[in-house]
Every structure is written in structure tokens, then in C-alpha cells.
Protein chains: 2
Amino acid sequence: MEPQPTAVSPPIHLRIADDLRMQIERGDLAPGASLPTLADICERYSCSMNSARSAITLLKAQGLITAGRGRAPVVRIPPGKVVRSSERHQAEKDLARRPASERAGIGEAETNLNMSIVDQVFDSTYDTITAGSQLAEVFGIATSDLLLRRRYISKDTRTDRLLSFSTSYMPVSLVSSNPDLMDETKEPWPGGTQHQLSTVGVEIMCMVDQVTGRMPTTVEAQQWGLPDGVPLLLCRRISLDANNRTVEVSDAEYPADRTELRFITPLKPWRKKASTKS
Amino acid sequence: MEPQPTAVSPPIHLRIADDLRMQIERGDLAPGASLPTLADICERYSCSMNSARSAITLLKAQGLITAGRGRAPVVRIPPGKVVRSSERHQAEKDLARRPASERAGIGEAETNLNMSIVDQVFDSTYDTITAGSQLAEVFGIATSDLLLRRRYISKDTRTDRLLSFSTSYMPVSLVSSNPDLMDETKEPWPGGTQHQLSTVGVEIMCMVDQVTGRMPTTVEAQQWGLPDGVPLLLCRRISLDANNRTVEVSDAEYPADRTELRFITPLKPWRKKASTKS
DNA sequence: GAGTGGTCTAGACCACTGT
DNA sequence: CAGTGGTCTAGACCACTCC
């Protein structure tokens with residue numbers, strides 16, 4: 001009759017997962033340590049194999065553990081994070097006005113350091129598409145207007161995993177005066193996109209980064225070599241010129257477990273004294 | 001003998017999940033539409049219920065569908081995203097020098113608009129902790145030095161779900177000269193943290209936002225009212241004064257499915273002509 | 001080869017949703 | 001009340017790791 005407010009005990013697999021999670025958070029199970037085997041679990045909690053398995057599946061989906069055939073599940077060791085700082089925007093802009101000798105060797109902004117160059121393969125693909133409703137709105141152009149789409153991929157040749165992935169859009173009308181900008185064989189371009197745009201008289205004055213996240217699909221997780229339970233960070237970067245016209249849009253994705261996006265916001269100083277008499 | 005390179009077909013539940021995912025991405029299954037029932041699936045793919053169920057579980061974990069007892073699973077409708085812009089930093093700074101009458105009513109920066117105030121309850125809790133190794137490094141202080149920790153929570157009183165959650169740290173040595181700053185009953189403080197710091201002679205000149213993401217734990221998902229497969233965005237904001245001293249650190253989390261973090265980076269102009277004769 | 005987790009099946013009961 | 005998905009069991013086979 002009377003509903004028991006909170007008396008119902010949660011399902012067994014949730015209680016197991018919660019128990020293990022608390023052990024991990026308390027440090028009883030340090031990163032890298034092995035969790036109890038499924039057999040251990042179903043004995044200790046007197047449940048079936050499949051319930052123990054559900055608990056493990058949940059912890060995997062939460063990114064707390066890594067499991068694989070033949071090995072007991074292991075508390076995940078968080079990988080170090082690669083910092084991607086917005087200071088790069090200004091650095092790339094400054095570089096665009098330097099002589100070609102300085103720009104040489106510094107190609108795309110997305111190059112991965114921290115790893116020998118020989119193991120990386122970089123690939124860029126150019127094509128031309130119609131804007132479509134979503135991008136047309138961002139650029140303030142017609143949906144049928146043409147955009148140059150440039151897709152950049154770099155991979156680790158040993159593991160065949162993605163290292164970086166981004167797509168850039170620019171109006172064809174903006175770049176067509178310099179045919180080199182539409183030629184993918186000119187990649188990697190010394191000095192990056194900001195120098196490319198400088199050749200058609202465009203100076204970028206402001207960048208807007210829009211960051212969100214979601215879970216990867218099965219194929220994305222495979223391409224990046226992501227363990228279970230690791231989200232993707234999505235970053236759309238919009239470049240504006242002095243007239244607040246959108247000149248480039250760039251969509252990039254990053255594995256959240258090994259990426260930190262860093263944004264620097266300088267603040268304008270207060271006037272000397274707020275109480276200065278006018 | 002010879003290993004068949006890619007001939008092995010993937011497990012049945014992955015093939016089902018992939019098939020359904022493609023139907024969703026192609027638009028054959030529009031957002032809001034019902035997926036086939038488990039019975040349908042295990043007939044169509046001639047598999048057992050549990051395999052069909054695994055496929056559904058995977059799609060849930062990827063955030064593509066929503067499922068619940070008694071209802072066929074449904075293609076998730078992406079909620080609109082609330083934009084949190086770094087322009088707020090400057091706006092809050094400007095506000096700090098305005099008279100109290102203007103500052104009044106504008107409390108914490110994390111207030112949620114777009115919903116009637118009566119349904120929100122705001123709670124702030126202050127306490128004092130020792131810095132510990134991680135925060136000590138950020139502040140450049142000793143691990144045993146004291147920090148004022150302020151925790152802010154706002155909830156929807158109807159659903160009892162979290163609307164915002166953040167934690168702020170400031171060195172006690174910095175704020176102790178104004179006892180009001182350590183008194184939680186003074187919240188919400190008109191004008192926010194930047195005005196609070198101005199009362200002890202601190203002007204924030206730069207903010208650094210560090211963004212990453214991870215999956216929520218079971219309790220976090222419950223507190224936020226998150227459906228399966230939705231990551232949390234984590235943002236640590238570090239405030240620096242004119243001497244590049246860290247004066248405040250703020251950790252906030254946001255549900256990735258309904259949040260877009262936006263960062264504006266103004267770029268310094270090129271000098272008039274690179275070819276100007278010196 | 002022993003032990004592990006991953007896949008898969010068949011079948012049961014329950015909580016919840018629709019009508 | 002019929003049908004749905006969520007939970008749970010018991011048992012089987014396989015791929016993989018470690019010894």
C-alpha cells in the first residue's frame with residue numbers, strides 16, 4: 001500500500017559498480033591495479049557472472065577502468081594531457097608576417113610534438129562544396145555559395161591511430177584570387193592558414209572558439225584508439241577579420257582523456273581611479 | 001595457418017548497433033522516432049534478446065538514443081545548447097567598479113537565465129582547507145597554506161536537478177583582511193568575485209580557462225539528470241592579477257549535451273606595413 | 001594449459017508504459 | 001492487461017594472456 005520511499009535497494013550490478021568505484025576513488029585500488037576477477041566478484045557479492053560483467057561494463061563506460069580478454073580489469077591510468085593553448089592564435093598571426101625562411105618547417109598548427117616526426121604521416125584533402133544552411137549562416141552567405149573544404153588528418157604510422165583531425169572551411173570567393181590556396185599539393189603551407197589568408201589581403205583580428213563534447217561513435221573510438229568511456233572534445237573555431245566578417249571556420253576534435261584546451265582572456269585595466277572627479 | 005586479415009565478422013551486437021547508428025545518421029530514423037523493439041531486433045537479425053539488448057546498451061552509452069522501461073528506445077533529440085561566453089569575464093570586471101545599486105541583483109556569474117527564478121534554489125558553502133599539493137602548485141604557495149573554499153550549487157526545485165555546480169579557491173592570506181569575504185551569509189554578493197577581490201585591493205588582469213571532459217559517475221549523472229552517454233565538460237578557471245600571481249581558482253562542470261563554452265581571442269593588429277622602411 | 005574476460009543463448013521475473 | 005525494456009540467472013564457447 002504505502003510506497004516505501006527509498007527502501008528499494010538498487011540493482012545488484014549498480015551496487016557492485018558503486019562499491020568498486022568508491023574503492024578506486026579512495027585509493028584502495030590505485031591506478032594500474034587489478035580489479036577482482038569476474039569470478040571473485042560473483043562470489044563476493046553472490047551474484048551471477050553476467051551481473052558482475054554488467055558492473056564492469058558500466059565502469060568501463062565511465063572511463064574508470066580498462067578491460068580486455070585474458071586480463072583482469074585494471075584501474076585506468078590517466079594519460080598526460082597535451083595542452084592546446086589559444087596563445088597559438090597570436091603566435092601564428094605574428095609568424096605570418098615573417099620571411100618565408102622563418103615560416104618554413106612550421107606547417108599546420110595541429111602538428112603533434114612530443115613524438116618523432118618519422119612516425120607521423122600527414123594528409124590534407126581539398127574539395128569544394130556548397131555551404132548548406134548551417135555553414136551559410138555562420139559565414140553570412142547563401143546556402144548555394146561555394147566553400148573550399150580542407151580536411152587535415154595526421155596518423156601514427158606505427159599504430160595507425162589518428163593523431164589529429166580537423167576540417168576547415170573558407171569561401172571560394174575569398175581565396176580564389178590566389179590559385180595556390182586551392183591546391184592541396186602546396187600543403188603543408190609554411191606559416192599556416194593565417195599566412196595563406198594574408199596572400200589575399202585578409203588579416204584575422206579575432207577568433208571565437210566554441211567548445212562542446214560528446215561520446216565518439218564506434219568507428220571514431222577505433223580511429224583514435226580511444227578506450228571505452230572517453231569523450232571527444234569538439235572545437236569550432238571561427239576567424240573574423242577587421243570588419244567582423246567570418247573568413248574561416250575550422251572544426252577540430254580531440255580525445256578528452258589526453259587533451260586540455262586552454263584559453264587566455266586578458267582583461268582591460270580599470271581606469272586609474274574610479275573615484276576620479278570628472 | 002595463415003591469419004585471415006579482416007575476414008572475421010564483428011560480433012553480432014556491434015553489427016546491430018552499427019546498422020541502427022547508420023539509419024540514425026542517414027535520417028531514416030529521425031530524432032524522436034522509435035527504434036525497433038528488442039523483439040523486432042532479435043527476429044530481424046536472428047539473435048537472442050540479450051544480443052539485441054547489448055546493441056541498445058551501446059547506443060545509449062554513445063548518447064544516440066534514450067531508452068526506458070515500457071517504451072521502445074527513441075532517437076535522442078539534442079537539447080539546445082546554453083552558451084557560456086568568456087566575454088562574461090570582462091563584463092564582470094567592468095561591473096565591479098560600478099556603484100552598489102547597479103551591482104545589486106547580479107549575483108553569481110553562474111546564474112541560470114531562461115527559467116523562472118522561483119524554481120531555482122541557490123546554495124553557497126564556505127570552508128577553509130589546506131592547499132594540498134595540486135592547488136599549492138597552481139597558487140605557488142605551500143601545501144600547508146590555507147585556502148578559502150567556496151562551493152556553489154544551484155538546483156531546479158521542481159526536478160531537484162543540478163543547474164550549476166562550481167568550486168572556488170582563494171588564499172586565506174589574500175582575503176582575510178576583509179572578514180565579509182569569508183562569511184557565506186553575505187552571498188549572493190552583488191557584483192561577484194571580481195568585486196569581492198577589489199575590496200582587498202586585487203584587480204584581475206588575466207583569466208586562463210583550462211577545459212577538458214570526462215564521463216560522469218553514476219551519482220553525477222543522477223544529480224545533473226543526465227541521460228546515458230553524455231559527458232561532463234570540466235573547466236578550471238585561473239585568475240591572475242597584474243603581477244601574474246594566481247588569486248583565484250574556480251572549478252566548474254557542465255553537461256556537454258546542453259553547454260557550449262565560447263572563448264573570444266582578440267588578435268593584435270599587424271603593424272601598418274610590414275614593408276615600411278625603418 | 002589454466003584462467004581470464006568477451007560473446008551469445010534461453011529463459012525467468014519485474015517495473016513501467018501504453019491502451 | 002498486453003507489451004515493453006531492465007534485471008538476473010545458468011551455462012556454453014571462444015580469444016586472449018600469462019605462466
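Chain naming here is simple, since letters A, B, ... match the order of the sequence lines and numbering starts at 1 in each.
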Query raised in the report: Which parts of residues 12-20 of chain A get close to DNA chain D, meaning a heavy atom less than 4.0 angstrom away?
Result: A/I12, A/H13
Atom [atom1] in [X], atom [atom2] in [Y]: separation rounded to 0.5 Å?
{"X": "A/Q120", "Y": "A/L163", "atom1": "CD", "atom2": "CG", "value": "5.5 Å"}
{"X": "B/T217", "Y": "A/R21", "atom1": "OG1", "atom2": "CZ", "value": "5.0 Å"}
{"X": "B/D156", "Y": "B/S164", "atom1": "CG", "atom2": "OG", "value": "11.5 Å"}

Query raised in the report: Any idea which heavy atoms bring B/V138 and B/V249 closest together, and the distance?
Result: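 Smallest heavy-atom distance, with atoms named: CG1-CG2, 3.6 Å.
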Query raised in the report: For B/S166 and B/S250, what are the C-alpha separation, side-chain angles and deciding distance, and is it a side chain to side chain donor-acceptor pair (under 3.5 Å)?
Result: CA-CA 7 Å; B/S166 65; B/S250 162; 5.1 Å; no
Requested in this report: Kindly state each residue pair satisfying salt bridge (Lys or Arg N to Asp or Glu O under 4.0 Å) with at least one member in residues 36-62 of chain A, sequence neighbours excluded.
Outcome: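 For residues 36-62 of chain A: A/K60-A/D228.
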Report summary line: The contact string for nucleotides 12-19 of chain D, one letter per nucleotide 5' to 3', using protein heavy atoms under 4.0 Å with B, S and - for base, sugar-phosphate only and none, comes out as ---BBSS-
Report task. Taking only heavy atoms on the protein side, list every residue of residues 223-231 of chain B lying under 4.0 Å from any atom of DNA chain C, sorted numerically. Result -> none
Query raised in the report: Which residues within residues 29-41 of chain B lie with some heavy atom under 4.0 Å of an atom in DNA chain C?
Result: none
Query raised in the report: Charged N to carboxylate O below 4.0 Å: is that the case for B/D123 and B/K155?
Result: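 Salt bridge between B/D123 and B/K155, a charged N being under 4.0 Å from a carboxylate O: no.
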Query raised in the report: Under a 4.0 Å N-O cut-off, is there an ion pair linking B/E184 with B/R151?
Result: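 Not counted as a salt bridge, because no side-chain N and carboxylate O are separated by less than 4.0 Å.
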How close or far is atom [atom2] of [N] from atom [atom1] of [X], stated in whole angstroms?
{"X": "B/M49", "N": "D/dG6", "atom1": "CE", "atom2": "C1'", "value": "11 Å"}
{"X": "A/L58", "N": "D/dC8", "atom1": "CG", "atom2": "P", "value": "12 Å"}
{"X": "B/Y45", "N": "C/dC8", "atom1": "OH", "atom2": "C1'", "value": "17 Å"}

Are [X] and [Y] close enough that a side-chain donor and a side-chain acceptor fall under 3.5 Å?
{"X": "B/D251", "Y": "B/Y169", "answer": "no"}
{"X": "A/S168", "Y": "A/R150", "answer": "yes"}
{"X": "B/T130", "Y": "B/S144", "answer": "no"}
{"X": "A/Q62", "Y": "B/T218", "answer": "yes"}

Query raised in the report: So does A/S51 get a side-chain nitrogen or oxygen closer than 4.0 Å to the phosphate oxygens (OP1/OP2) of D/dT9?
Result: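 So the side-chain polar atoms of A/S51 do come within 4.0 Å of the phosphate oxygens OP1 or OP2 of D/dT9, strictly under.
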Could you list the donor-acceptor pairs under 3.5 angstrom formed by side chains in residues 66-74 of chain B, with sequence neighbours left out?
residue	atom	partner	partner atom	Å
B/T66	OG1	B/R76	NE	3.0

**Report entry** Of the listed nucleotides C/dC8, D/dG5, D/dT9, the one nearest the side chain of A/S48
**Finding:**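 Of the candidates, D/dT9 comes closest.
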